[in-house]
Amino acid sequence: SLSPPAVAVDKLVQASLQPHNHRYSASQGITKLRESIARWYERRDGVALDVEREIVVTMGTKEALSHLLFAVVSQGDTVLLPTPSYPIHNAGIVLAGGNVIGVPLFDPAQEVPPTTLTEADDDFFQRLQVAYEGTWPRPIMMLLSFPHNPTTIVVTKGFLTRLVEFALERGIYLIHDFAYADLCFDGYQAPSLLSIPGAKDIALECYSVSKGLSMPGWRVGFCVGNER
């Protein structure tokens with residue numbers, strides 16, 4: 001397994017020697033960390049974030065998603081979820097009292113699943129439309145994750161643009177688990193959902209240092225996007 005960056009471990013050791021770091025932290029997260037998150041998004045995806053209103057530090061992505069679902073999903077609400085799915089996504093919706101509406105990412109009859117989904121994948125968007133229109137009460141949100149766990153499917157910005165347009169037209173939220181943002185190959189860079197025009201009106205994105213930086217035991221992640 002990979003080790004955390006040496007500079008991070010050194011900084012942790014230094015920080016542990018400072019008495020004030022053993023008190024309760026700021027509820028939104030340490031200011032300098034939130035400022036670094038904002039700079040990272042600006043540098044990586046050209047996304048501007050308000051440090052005080054659009055960034056919250058969390059104890060990893062699972063904590064961000066579970067608490068978000070408890071806050072937003074009411075008993076009996078329906079949530080769209082691409083399938084197959086990471087078990088925590090399904091469980092988080094159910095624990096919050098919601099009903100999961102699965103949307104297959106690809107046709108199970110395909111001998112070789114796709115590696116990339118684009119805006120031209122009409123079959124997926126047709127399945128999404130059928131799932132939405134065939135559900136009552138109408139879904140309030142869609143929980144997605146690209147690069148995808150467990151299939152490793154990645155998507156283009158065009159695919160995300162079409163998803164954002166779908167959500168904006170129907171007034172549903174998009175919640176993007178971006179935990180695998182850094183695990184990409186062959187020159188591909190996973191696009192942030194928030195880099196899509198209009199996404200911030202209906203979307204949140206959750207990131208974790210667990211995967212790309214090999215720091216799962218640190219329990220550090222963040223949730224960014226729509227402040228409301």
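Computed from a predicted structure; not experimentally measured.
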Worksheet entry | Between CD on residue Glu227 and CG on residue Leu204, distance to nearest 0.5 Å | 11.0 Å
Worksheet item: Are Ile153 and Val103 connected in the hydrophobic side-chain network, where two residues link if heavy atoms are under 4.5 Å apart?
Response: yes
Item to complete: Determine the interplanar angle of the His89 and Tyr86 rings, folded into 0 to 90°, and report it as parallel if under 30°, tilted if 30 to 60°, perpendicular if over 60°.
Response: perpendicular
Discussion item. Side chains of Arg34 and Leu49, heavy atoms from C-beta outward: is any pair under 4.5 Å?
Written reply: no
Worksheet item: Going through the distances and angles, do Phe166 and Ile172 end up as a side chain to side chain contact (heavy atoms under 4.5 Å, CB included)?
Response: CA-CA 9 Å; Phe166 179 91; Ile172 65 175; 4.0 Å; yes
Discussion item. Rounded at 0.5 Å granularity, tell me how far CG in Asp45 sits from CH2 in Trp40.
Written reply: 7.0 Å
Worksheet item: What is the ring orientation for Phe159 with Phe124, classed by angle as parallel under 30°, tilted 30 to 60°, or perpendicular over 60°?
Response: tilted
Worksheet entry | Nearest-0.5 Å distance that lies between atom SG in Cys223 and atom CG in Asp177 | 10.5 Å
Discussion item. With a 3.5 Å distance limit and no angle check, can you tell me whether Gln28 reaches the backbone of Glu52 through a side-chain donor-acceptor pair?
Written reply: yes
Fill in: Cluster check Val56, Tyr207: I/L/V/M/F/W/Y, side chain < 4.5 angstrom
no
Worksheet entry | Salt-bridge criterion met for Asp122 and Arg162 (N-O under 4.0 Å) | yes
Worksheet entry | Atom of Pro197, atom of Val164 and distance for their closest heavy-atom approach | O-CG1, 3.8 Å
Worksheet item: Is it true that a side-chain atom of Ser85 and a backbone atom of Pro87 form a donor plus acceptor pair closer than 3.5 Å?
Response: no
Fill in: Closest non-hydrogen atom pair, Met215 against Ala8
CE-CB, 4.3 Å
Worksheet entry | pair Asp123-Phe106: side-chain heavy atoms closer than 4.5 Å | no
Worksheet item: Would you call the rings of Tyr41 and Phe222 parallel, tilted or perpendicular if under 30° counts as parallel and over 60° as perpendicular?
Response: perpendicular
Discussion item. Membership question, hydrophobic clusters at under 4.5 Å side-chain separation (ILVMFWY): are Leu80 and Ile140 in the same one?
Written reply: no
Worksheet item: What is the distance from atom NZ of Lys62 to atom NE2 of His67, rounded to the nearest 0.5 Å?
Response: 13.5 Å
Worksheet entry | Spacing of Leu174 atom CG and Asn226 atom CG [to the nearest 0.5 Å] | 11.0 Å
Worksheet item: Linking I/L/V/M/F/W/Y whenever any side-chain heavy atoms sit under 4.5 Å apart, do Met142 and Leu65 land together?
Response: no
Worksheet item: Between Gly102 and Thr83, which heavy-atom pair has the shortest distance, and what is it?
Response: CA-CG2, 3.8 Å
Item to complete: Check Pro5, Pro4, Ser208 against Leu213 for a side-chain contact (heavy atoms from CB on, under 4.5 Å) and give me the one that passes.
Response: Pro5
Discussion item. Between Glu54 and Val224, is there a side-chain heavy-atom distance shorter than 4.5 Å?
Written reply: no
Worksheet item: Take atom CZ in Arg53; do more than 12 heavy atoms of anything else shown fall under 6.0 Å from it?
Response: no
Discussion item. Does atom CG (Leu12) have a neighbourhood of more than 12 heavy atoms from anything else shown, all under 6.0 Å?
Written reply: yes
Discussion item. For Phe146, is there any backbone N or O sitting under 3.5 Å from a side-chain donor or acceptor partner on His176?
Written reply: yes
Item to complete: Determine the minimum heavy-atom distance between Val51 and Ala38, stating which atoms define it.
Response: CG2-CB, 3.8 Å
Worksheet item: For Gln126, does the CD atom have more than 12 heavy-atom neighbours from other residues, nucleotides or ligands under 6.0 Å away?
Response: no
Worksheet entry | Sub-4.5 Å side-chain heavy-atom contact between Pro113 and Thr151 | no
Discussion item. Using the rule given for side chain to side chain contact (heavy atoms under 4.5 Å, CB included), can you reason through Arg219 versus Glu63, listing the C-alpha separation, both sets of side-chain angles and the distance that settles it, and then say yes or no?
Written reply: CA-CA 9 Å; Arg219 307 316 308 144; Glu63 191 244 359; 6.0 Å; no
Practice prompt. Kindly indicate whether the side chain of Glu119, heavy atoms from C-beta on, has any atom under 4.5 Å from the side chain of Phe125.
Written response: no
Worksheet, complete the sentence: Heavy atoms of Ser192 and Val47 approach each other most closely as OG-CG2, 4.5 Å
Worksheet item: Would you say the side chain of Met141 lies within less than 4.5 Å of the side chain of Ile175, judging by non-hydrogen atoms?
Response: yes
Practice prompt. Could you walk me through whether Glu133 and Arg170 pass the side chain to side chain contact (heavy atoms under 4.5 Å, CB included) test, one step at a time?
Written response: CA-CA 11 Å; Glu133 292 183 351; Arg170 293 158 182 80; 5.5 Å; no
Practice prompt. Examine distances only and state if a side-chain atom of Ser16 and a backbone atom of Val13 form a donor-acceptor pair shorter than 3.5 Å.
Written response: yes
Discussion item. To the closest 0.5 Å, what do you measure between CD1 (Ile196) and CG (Leu163)?
Written reply: 9.5 Å
Discussion item. Is the shortest side-chain heavy-atom distance between Thr118 and Asp121 below 4.5 Å?
Written reply: yes
Worksheet item: Val57 and Ile30: side chain to side chain contact (heavy atoms under 4.5 Å, CB included), yes or no, with the steps?
Response: CA-CA 8 Å; Val57 178; Ile30 298 168; over 6 Å; no
Worksheet item: Does any non-hydrogen side-chain atom of Pro139 lie less than 4.5 Å from one of Val79?
Response: no
Item to complete: Tell me whether Leu105 is reachable from Val154 by hopping between hydrophobic residues (I, L, V, M, F, W, Y) whose side-chain heavy atoms are closer than 4.5 Å.
Response: no
Discussion item. With a 3.5 Å distance limit and no angle check, can you tell me whether Tyr188 reaches the backbone of Val155 through a side-chain donor-acceptor pair?
Written reply: yes
Practice prompt. Identify the two heavy atoms, one from Arg138 and one from Thr135, that lie closest to each other, and give their separation to 0.1 Å.
Written response: NH1-O, 3.0 Å
Worksheet item: Which residue, Ser145, Cys206, Ser66, forms the side-chain contact (heavy atoms from CB on, under 4.5 Å) with Thr61?
Response: Cys206
